[in-house]
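Each residue takes its place number in the sequence, starting with 1.
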Amino acid sequence: MNVPLLTVTAAVPAVGAILTAAVPAARRTAAKWLALLFSLATLALAVVVAVRFEPGGDRYQLTESHAWIADFGVRYELGVDGIGVVLIALTALLIPFVIAAGWNDADPLETQSSRWRPTQGFFALILMVEAMVIISFEATDVFLFYIFFEAMLIPMYFLIGGFGDRAHAGSDENAAAQRSYAAVKFLLYNLVGGLIMLAAVIGLYVVAGNFSLQEITAARAAGTLDMATNTERLLFLGFFFAFAVKAPLWPLHTWLPNAMGEATAPVAVLITAVVDKVGTFAMLRFCLGLFPEASKWATPVILVLALISIVYGALVAVGQRDIKRLVAYASISHFGFIVLGIFAMTSQGQSGATLYMVNHGISTAALMLVAGFLISRRGSRLIADYGGVQKVAPVLAGTFLIGGLATLSLPGLAPFVSEFLVLVGTFARYPVVGIIATTGIVLAALYTLVLYQRTMTGPVKEEVRTMPDLRVREVLVVAPLIVLLIGLGVYPKVLTDIVNPAVQHTMSDVKQTDPKPEVAVEAVPAEKGEAAK
């Protein structure tokens, strides 16, 4: 009996969400443990998917295909390539840490009714987001992908608007209004992108006659699908716009600082380390796979937008006074690197972009979760309210430093490999673009080190003098992430072996090969060669 492994992997967190939501109001601790248990079960299934995946095998593996809405050519089709496998693993890996870090973030206040169940709702929504993200990485039917691409906005809306930082919550009506504004802005931006994509999805069906990614790409490769140039470009723009909003790419990025700033630290991690990766993943799978010629046509403009994201995000991060908004703008800069790697149209760039998705998820999770622990102790997100923390909480300061160094892509930590590959791949085809992109590295060092200096070093401020160090639960959350940052920085081959074959397939879709380096080799005269011997 063949077990539908991909369906089960997505279904387990969905079932966990339903059961967690059904836990009685008084059993908050049971709801937390239940959610954690289902997240760990999903992680185990993700490991099974990774083990069963054969990097040198078929492009899409563990496939499932069933008739769904036959009259409209919609099928329930799932399959994973190497890129999908590593992103499913990233999602399943981070959710247990998100749950553990937010263990007490949604406990009801004393003023709330005993029948109010925010704890159950909080963890159920997190699991539901996990289920929708995983099936988005698995879907090879365009319409199926679209449904979950949009559906994940609903639980995210409630997580952002309904559960804010306790440092700013309580009776503060202004804080509640800010959370509501951030949630609505997140929803509206992504809904607009989704509606434009829906028009493109319908247009794709009119042209291709079905929604199957595999069938459409095969027909394009065989030359049996006739798609007019202008039609392909319009459809590409519809898809890319939605993915650029989710990514987030400048100038469609403005929802992210609000959402991350007003959400709890675990939910902020869920936004930028998990949900936003669906946008960049979809650029690789759908934009390049379905519309190869339009992707090459749009590349110059997209590279400019990626460069602006890199430099603008980093510059604004330098001037931030709010810790969480600084991390948000840093993420905008990092997503610029990811998009740059994708549209550099080289194997190094796209491998680096995929690794960047994984490594950025881990490094941002480490930094943001430690920042959340810091903020919960002091009750403030403002950088100016801290100072000398390393003298009273050295473990907290040390983990914060490692997360920050990973954010600036220090050699030896995982993000360095990703950034290096993206820049090498970009230099190979667009040297001027690569040179400009390196300014993001310098600015990243500036905003990261200034943040650490202002919060962790210097005289101990009176308000942080009694600040406790990381507790056991918090150490258990952060330590594995740091181990992964170091491990993948030293030995990234465990990921590249899975990712590289999938990247080669994508390069084949767009009919691109890596440019050969132009190296002038001077001939050595025979007599000089003999003399050298």
Side-chain angles (χ1 to χ4, degrees), residues 1-14 42 45-70 73-92 130-149 151-152 201 204-205 208-222 225 239 243 277-292 342 350 354 357-358 495 497-510:
M1 179 180 177
N2 292 326
V3 176
L5 185 57
L6 297 185
T7 294
V8 173
T9 304
V12 165
T42 306
L45 288 167
V47 171
V48 174
V49 169
V51 170
R52 291 189 56 182
F53 183 83
E54 299 178 7
D58 296 337
R59 180 173 186 177
Y60 294 106
Q61 300 178 33
L62 305 175
T63 55
E64 304 172 27
S65 182
H66 306 283
W68 185 18
I69 310 175
V74 180
R75 298 185 62 82
Y76 177 80
E77 282 191 351
L78 305 180
V80 288
D81 60 1
I83 299 169
V85 166
V86 297
L87 291 175
I88 290 170
L90 171 69
T91 302
E130 179 182 23
M132 293 178 177
V133 169
I134 288 175
I135 204 165
S136 296
F137 291 141
E138 298 172 344
T140 57
D141 182 278
V142 177
F143 191 79
L144 179 67
F145 169 83
Y146 171 78
I147 288 174
F148 290 98
F149 180 82
M152 69 179 70
V201 169
L204 179 67
Y205 176 76
N210 64 79
F211 293 106
S212 173
L213 174 66
Q214 297 184 66
E215 291 183 18
I216 295 172
T217 53
R220 296 218 59 160
L225 176 60
F239 277 75
F243 302 152
K277 299 301 187 298
V278 178
T280 46
F281 162 80
M283 291 180 188
L284 274 169
R285 173 169 281 190
F286 296 103
C287 285
L288 272 60
L290 295 172
F291 316 110
I342 292 172
Q350 293 186 358
T354 305
M357 292 185 223
V358 176
L495 294 180
D497 284 349
I498 300 175
V499 167
N500 287 343
V503 167
Q504 292 305 321
H505 284 297
T506 304
M507 292 286 290
S508 177
D509 287 340
V510 293

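With sequence neighbours excluded, no residue satisfies side chain to side chain donor-acceptor pair (under 3.5 Å) with T217. Remark: P501 pairs with P55 by the side chain to side chain contact (heavy atoms under 4.5 Å, CB included) rule, at least two apart or across chains. Under the salt bridge (Lys or Arg N to Asp or Glu O under 4.0 Å) criterion, D497 pairs with K493, sequence neighbours left out. Looking at residues two or more places apart in sequence or on another chain, you find a side chain to side chain contact (heavy atoms under 4.5 Å, CB included) between A219 and T224, L225. With sequence neighbours excluded, the residues forming a ring pair (Phe, Tyr, Trp, His ring centres under 6.0 Å) with F143 are F211, listed by chain and number. Q504 meets the side chain to side chain contact (heavy atoms under 4.5 Å, CB included) test with S347; sequence neighbours excluded. The side chain to side chain donor-acceptor pair (under 3.5 Å) check on E64 picks up T7, with sequence neighbours excluded. Take T63 and apply the side chain to side chain donor-acceptor pair (under 3.5 Å) test, not counting sequence neighbours, and it matches no residue. In this structure, R52 has no side chain to side chain donor-acceptor pair (under 3.5 Å) partners at least two apart in sequence or on a different chain.
Of the inter-residue distances, the one linking L5 atom CG with Q61 atom CD reads 12.0 Å to the nearest 0.5 angstrom. Taking CD of E77 as the start and CD of E215 as the end, the distance is 6.0 Å to the nearest 0.5 Å. Rounding to the nearest 0.5 angstrom, the gap separating the CD1 atom in I135 from the CG atom in L78 is 5.5 Å. The CD1 atom of I134 sits 10.5 Å away from atom CE of M152, with the distance rounded to the nearest 0.5 Å.
Between P13 and T42 the shortest heavy-atom distance is CD-OG1, 3.3 Å. Scanning both residues, P292 and R220, for their nearest heavy atoms gives CD-NH1, 3.9 Å. Nearest heavy-atom pair, V80 versus F53, reported as atom, atom and distance to 0.1 Å: O-CE1, 3.4 Å. Across all non-hydrogen atoms, the minimal contact from A10 to A131 is O-CB, 3.3 Å. Considering every non-hydrogen atom in both A502 and G82, the closest pair reads CB-N, 3.7 Å. Across L6 and L62, no two heavy atoms sit closer than the pair CD1-O, 3.2 Å.
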Side chain to side chain contact (heavy atoms under 4.5 Å, CB included) between T9 and V48: does it pass, once the steps are laid out?
CA-CA 9 Å; T9 304; V48 174; over 6 Å; no
Hey, mind stepping through Q350 and T506 against side chain to side chain donor-acceptor pair (under 3.5 Å) and telling me if it holds?
CA-CA 9 Å; Q350 293 186 358; T506 304; 4.5 Å; no
Could you walk me through whether V358 and V499 pass the side chain to side chain contact (heavy atoms under 4.5 Å, CB included) check?
CA-CA 11 Å; V358 176; V499 167; over 6 Å; no
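Under the salt bridge (charged side-chain N to carboxylate O under 4.0 Å, His left out) criterion, the residue pairs touching residues 499-509 are R59-D509, with sequence neighbours excluded. For residues 132-149, no residue pair satisfies the side chain to side chain donor-acceptor pair (under 3.5 Å) rule, not counting sequence neighbours.
Between L144 and W68 the shortest side-chain heavy-atom distance falls below 4.5 Å. Put simply, the side chain of L495 does not reach to within 4.5 Å of the side chain of T354, judged on heavy atoms.
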Show which side-chain atoms of residues 278-288 pair as donor or acceptor with protein atoms under 3.5 Å away, not counting sequence neighbours.
unit_1: T280; atom_1: OG1; unit_2: K277; atom_2: O; d: 3.2
unit_1: R285; atom_1: NH1; unit_2: F137; atom_2: O; d: 3.3
unit_1: R285; atom_1: NH1; unit_2: A139; atom_2: O; d: 3.0
unit_1: R285; atom_1: NH2; unit_2: D81; atom_2: OD1; d: 3.4

